[in-house]
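Each chain gets a letter, A, B and so on, in the order its sequence line appears, and its residues count up from 1. These numbers come from the heavy atoms of this one structure, side chains and all, not from hydrogens, waters or symmetry mates.
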2 protein chains.
Amino acid sequence: MTRIDTEWVEKATTELHASGRRAGGARAEVITQLSRETCAVTAEQIERTLAGANRRVGRASIYRALEALAHVGLVQRVDLGESGSRWERIGANGHDHHHHLLCSACGQLVPFEDDGLETALHHLAANEDFTVDSHEVTLHGRCASCAAKQAA
Amino acid sequence: MTRIDTEWVEKATTELHASGRRAGGARAEVITQLSRETCAVTAEQIERTLAGANRRVGRASIYRALEALAHVGLVQRVDLGESGSRWERIGANGHDHHHHLLCSACGQLVPFEDDGLETALHHLAANEDFTVDSHEVTLHGRCASCAAKQAA
DNA sequence: TCGATAATGGGACTCAGTATCATTTAGTCG
DNA sequence: CGACTAAATGATACTGAGTCCCATTATCGA
Ligand SMILES: [Zn+2]
Ligand SMILES: [Zn+2]
Ligand SMILES: [Zn+2]
Ligand SMILES: [Zn+2]
């Protein structure tokens, strides 16, 4: 578990308040927890982690918080097709934008960044008859460790 | 509903047979139906379409067929995060490889192809410490029609 | 401080997808 | 062509993520 990203927590709190929402303990817990994570987690993981720290939050509140944060663009949903979507905060400063490699053997989720990819996506978006708000990219394959095992 | 893609149906049948599976009526129906579709559909859509044509197939068999086809690389799963994954055939000849634009307003799924994107993805895959088998890209936004309505 | 209303949480509920298992059928071997 | 074995099928029960409902609690503006 990483240190709390105070900057993002403040931005999230401010942004939600600005969008006309009231503060609430449950949502504050979810925000804090998300700020500790470095990559996507499931709602259930958030629920369990908080419960384990004696900060139990109702499941419905967790989903509501995630939805609210996603709505103002502070969190993005990552769909990998296994059971359960995952969620991760989006960097306050525009950094932290990344995509994922998913190992089909061990299930490991590895984040990566690639400027060439982002450039291609931006060009593409500009040429489509579609107003693109966001994008999601997932590479499926095997991590080095699993690929080695398989070859053996 | 499009015409049956005989070529792909045959390839699928052959490929599955070669991988040591027996033929079966249910799977044949699923294969035929997939060959008629031009973009991703849900398992439920397949079930309903077949039932409507008096070719009812058990739900379990539909999922089994999709899994088998995906396993030999003839079908790809598309995860959009709404409820229900979607599936679509992958062109027998390497064509038909495409990705999707999803309209968050009307839910419309629009396929697109982009060479620049594919190139970027290939370069990227070559540089990662990961054996990449496939990739999935989804652009989220609003289609022209929904964007216009919103602006009004 | 008070009141309107949003946030919360427990629990019932939905529904895509899976597991089970009895039955049918494909493919093989005489 | 039959008989046999294992895979395919389908009805149904089941699972679990995510949603819905509603009584209760808490926020915050007046
Ligand atoms: Zn991530
Ligand atoms: Zn990106
Ligand atoms: Zn498609
Ligand atoms: Zn591609």
To the nearest Å, how far apart are [X] [atom1] and [N] [atom2]?
X: A:Gln45; N: D:dG18; atom1: CD; atom2: P; answer: 11 Å
X: A:Glu67; N: C:dA6; atom1: CD; atom2: C1'; answer: 14 Å
X: A:His17; N: D:dT27; atom1: NE2; atom2: C1'; answer: 10 Å
X: A:Glu47; N: C:dG11; atom1: CD; atom2: P; answer: 13 Å
X: B:Leu16; N: D:dT9; atom1: CG; atom2: P; answer: 10 Å
X: B:Arg59; N: D:dC14; atom1: CZ; atom2: P; answer: 15 Å
X: A:Tyr63; N: D:dC20; atom1: OH; atom2: P; answer: 13 Å
X: B:Leu66; N: D:dA8; atom1: CG; atom2: P; answer: 15 Å

**Message:** Is it true that A:Glu118 and A:His97 share a donor-acceptor pair across their side chains at a distance under 3.5 Å?
**Reply:** yes
**Request:** For B:Trp87 and for A:Arg21, locate the closest nucleotide of DNA chain C by heavy-atom distance; then report the residue assigned to the nucleotide nearer the 5' terminus.
**Result:** A:Arg21
**Asked** Does B:His135 reach the side chain of A:Thr138, with side-chain heavy atoms less than 4.5 Å apart?
**Response** no
**Request:** Report yes if the side chains of B:His98 and B:Phe112 come closer than 4.5 Å at any heavy-atom pair, otherwise no.
**Result:** no
**Prompt:** Atom CD1 in B:Ile4, atom CZ in B:Arg36: separation rounded to 0.5 Å?
**Reply:** 4.0 Å
**Donor-acceptor pair under 3.5 Å, B:Arg64 side chain vs D:dG10 base** = yes
**Item:** Check: A:Arg22 side chain, D:dG29 base, donor-acceptor under 3.5 Å
**Value:** no
**Prompt:** So, is B:Ser61 close to the D:dG10 phosphate, meaning a side-chain N or O under 4.0 Å from OP1 or OP2?
**Reply:** yes
**Request:** May I ask you to verify if any side-chain N or O of B:Arg27 is less than 4.0 angstrom from the OP1 or OP2 atom of D:dA8?
**Result:** yes
Given [options], which nucleotide is nearest the side-chain atoms of [X]?
X: A:Glu44; options: C:dG17, D:dT9, D:dA17; answer: D:dA17
X: B:Ala23; options: C:dA26, D:dG10, C:dG9; answer: C:dA26
X: B:Ala60; options: C:dT8, D:dA11, D:dC28; answer: D:dA11

**Request:** Would you classify A:Ser85 as touching base, sugar-phosphate or nothing, given that sugar-phosphate means primed atoms plus P, OP1 and OP2, and contacts are heavy atoms under 4.0 Å?
**Result:** sugar-phosphate
**For A:Arg86, the option from A:Arg77, A:Gln45, A:His100 that meets side chain to side chain contact (heavy atoms under 4.5 Å, CB included)** = A:Gln45
